[in-house]
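Notes to accompany the following structure.
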Amino acid sequence: MPQTRIPAAWMRGGTSKGVFFLASDLPADPTERDALLVRLLGSPDPYGKQIDGLGGATSSTSKVVIVSPASEAECDVSYLFGQVLIDQPAIDWSGNCGNLTAAVGPFALWRELVPAPANGEANIRLWQANVGKRIHARVPVLDGLPLEAGKFVLDGVAFPSAPITLTFLDPGSAEGGGILPTGNPVDTLTLDDGTPVDASLVSAGNPMVFVSAHALGADCTASQAELNADAALRARCEQLRIAGALAMGLADSAEAAARRQHTPKLALVAPPAQCQSVDGKRFAASDLDLLTRVLSMGSFHHAIPGTAAIAVAAAAGVPGSLVSRQLLNDPVGPLRIGHPSGRSEVGATTHTRQGQWMLEAAVLRRSARMLMDGWTCLPG
């Protein structure tokens, strides 16, 4: 039987990589579509490597994005993000990927879903179908095509690129409420052994659980490898992530929360401190506003998910939250977040409305590049 060949592009967006498809090139039935995508990425893989597929065997590289013409008014393009589980035949569609969002606009330009100016910037209005939110992407263009070469350096990416500016509009709760699902800047979660732990539960970009690194005896200047080697720490973090999902109403049982691996994410936060990124770059405490280490799919992230950066900035604007408590001074300009690969900056505008904390907008700068364009192939 001949191969099944599907048009696709492999793209980097921010510090993530994923396989991008046009919705029209995939099966309309969600069950059939998901089975095909899981197999394309090489899951489930009992060896944890996704060798027989396009997945990269990490939370940052086992991803798919489905793009289509806009389904909403005042938008140009719609997209759906899927986090493909590595060891299970499943895709988690529960949230967005802020990093891969940077590649949606360029992909739409390459596929001619939207017109491009000859030069300058293409302003593309995105509809994020997972969470029902609008995002504006400013994509640099040269000779009518996405411009990829540039001098913008994104910590966690080896080579400089052209910057893409993303403005997330009202990226808080999808239900239209505030960014604090419980209404509290701090809640108390309980570990399996009965130990209470303070946490801030925030819904902005994606749902997040924030815990003080000090409360878990963790070092927020440690490398990704050091933190991932601490199995007991990761187990406690997963217990708190599950408890946070239940407190936020994202799951009706601990078992359901455990299966929902993409969201919420959990982040450890700490005050700024002298530290060194994985590439050897040194940061003084004055170079940062706070430190964070984010878990994604059970492991500590090598940098910071874009949506996590949005949630950090949102929580930093809420007095009394565990994130705002880490700030030694009021930030001047974008919030500077220290992570294992360096520093990420995000601007956020928070305010109160009818007693609820709202996030009006968040702004990130990322970059993107098409790594390969052509066909994905499956055995017949």
Side-chain angles (χ1 to χ4, degrees), residues 59 83 85 92 94-95 172-173 178-224 226-271 290-305 307-316 318 320-326 337-340 357:
S59 68
Q83 181 77 56
L85 278 62
D92 190 331
S94 65
S173 170
I179 61 176
L180 303 178
T182 66
N184 306 317
V186 177
D187 290 277
T188 301
L189 305 178
T190 305
L191 291 168
D192 290 354
D193 65 3
T195 302
V197 178
D198 284 346
S200 288
L201 310 178
V202 176
S203 181
N206 272 330
M208 290 286 300
V209 178
F210 292 106
V211 177
S212 165
H214 177 75
L216 295 184
D219 180 4
C220 232
T221 68
S223 69
Q224 177 198 25
E226 291 171 326
L227 292 170
N228 279 329
D230 191 338
L233 172 62
R234 289 193 290 117
R236 293 195 300 274
C237 288
E238 178 63 6
Q239 293 168 25
L240 293 172
R241 192 191 72 83
I242 290 172
L246 295 174
M248 298 168 84
L250 299 174
D252 56 10
S253 69
E255 293 75 17
R259 290 194 299 270
R260 183 184 169 125
Q261 293 187 21
H262 178 48
T263 61
K265 286 182 168 51
L266 182 139
L268 305 178
V269 290
L290 80 164
L291 291 168
T292 187
R293 297 294 187 263
V294 181
L295 283 105
S296 179
M297 308 290 284
S299 297
F300 282 93
H301 197 279
H302 73 285
I304 184 170
T307 52
I310 291 172
V312 171
V318 177
S321 75
L322 287 178
V323 177
S324 66
R325 292 180 190 178
Q326 313 307 315
I337 306 168
H339 56 75
W357 279 98

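Across all non-hydrogen atoms, the minimal contact from L189 to A247 is CD2-CB, 4.2 Å. Taking both residues in full, the closest heavy atoms of L180 and W357 are given as CD1-CD1, 4.2 Å, listed atom of the first, atom of the second, then distance. When every heavy atom of T292 is checked against every heavy atom of A267, the shortest pair comes out as OG1-CB, 3.6 Å. Residues A270 and A213 come closest through the heavy atom pair CB-CB, 4.4 Å. Across all non-hydrogen atoms, the minimal contact from P207 to M248 is CB-CE, 3.6 Å. Smallest separation of non-hydrogen atoms from P185 and V318: CB-CG1, 4.2 Å.
Between D92 and M297 the shortest side-chain heavy-atom distance does not fall below 4.5 Å. At a threshold of 4.5 Å between non-hydrogen side-chain atoms, the residues V211 and C237 do not count as touching. Between L295 and K265 there is no side-chain heavy-atom pair separated by less than 4.5 Å. Residues M208 and P264 fail the side-chain proximity criterion, which asks for heavy atoms closer than 4.5 Å. With a 4.5 Å cut-off on side-chain heavy atoms, V202 and V323 do not count as touching. Looking at heavy atoms from C-beta onward, T307 lies out of side-chain contact with T263 at the 4.5 angstrom threshold.
Considering CD of E238 and CG of L240, their distance stands at 9.5 Å, rounded to 0.5 Å. To the nearest 0.5 angstrom, S321 atom OG is 12.0 Å from D198 atom CG. Taking CZ of R260 as the reference point, atom CD1 of I242 lies at 12.5 Å (rounded to 0.5 Å). From D230, atom CG reaches atom CG of D219 across 11.0 Å, with rounding to the nearest 0.5 Å. Summarising the geometry, atom CD belonging to Q224 is positioned 8.0 Å from atom OG belonging to S299; distances are rounded to the nearest 0.5 Å. Here CZ of R325 is found 6.5 Å from OG of S200. Values are rounded to the nearest 0.5 Å.
Using a distance-only test at 3.5 Å, with no hydrogens or angles considered, no donor-acceptor pair links the side chain of R293 to the main chain of L268. Side chain of R241 to backbone of V209: no donor-acceptor contact under 3.5 angstrom is found. Checked by atom type and distance alone, the side chain of R236 pairs as donor or acceptor with a backbone atom of L216 at under 3.5 Å. Put simply, the side chain of R234 gets close to the backbone of G298: a donor and an acceptor are under 3.5 Å apart. Judged purely by atom type and a 3.5 angstrom limit, Q239 has no side-chain atom pairing as donor or acceptor with the backbone of L191. Side chain of S203 to backbone of G172: no donor-acceptor contact under 3.5 angstrom is found.
L201 pairs with exactly one of I179, N184, D187, L250 by the side-chain contact (heavy atoms from CB on, under 4.5 Å) rule, that one being D187. With F300 as the fixed residue, the side-chain contact (heavy atoms from CB on, under 4.5 Å) test singles out one of V294, L233, L266: L233.
For the residue pair S296 and S59, a side-chain donor N or O sits within less than 3.5 Å of a side-chain acceptor on the partner.
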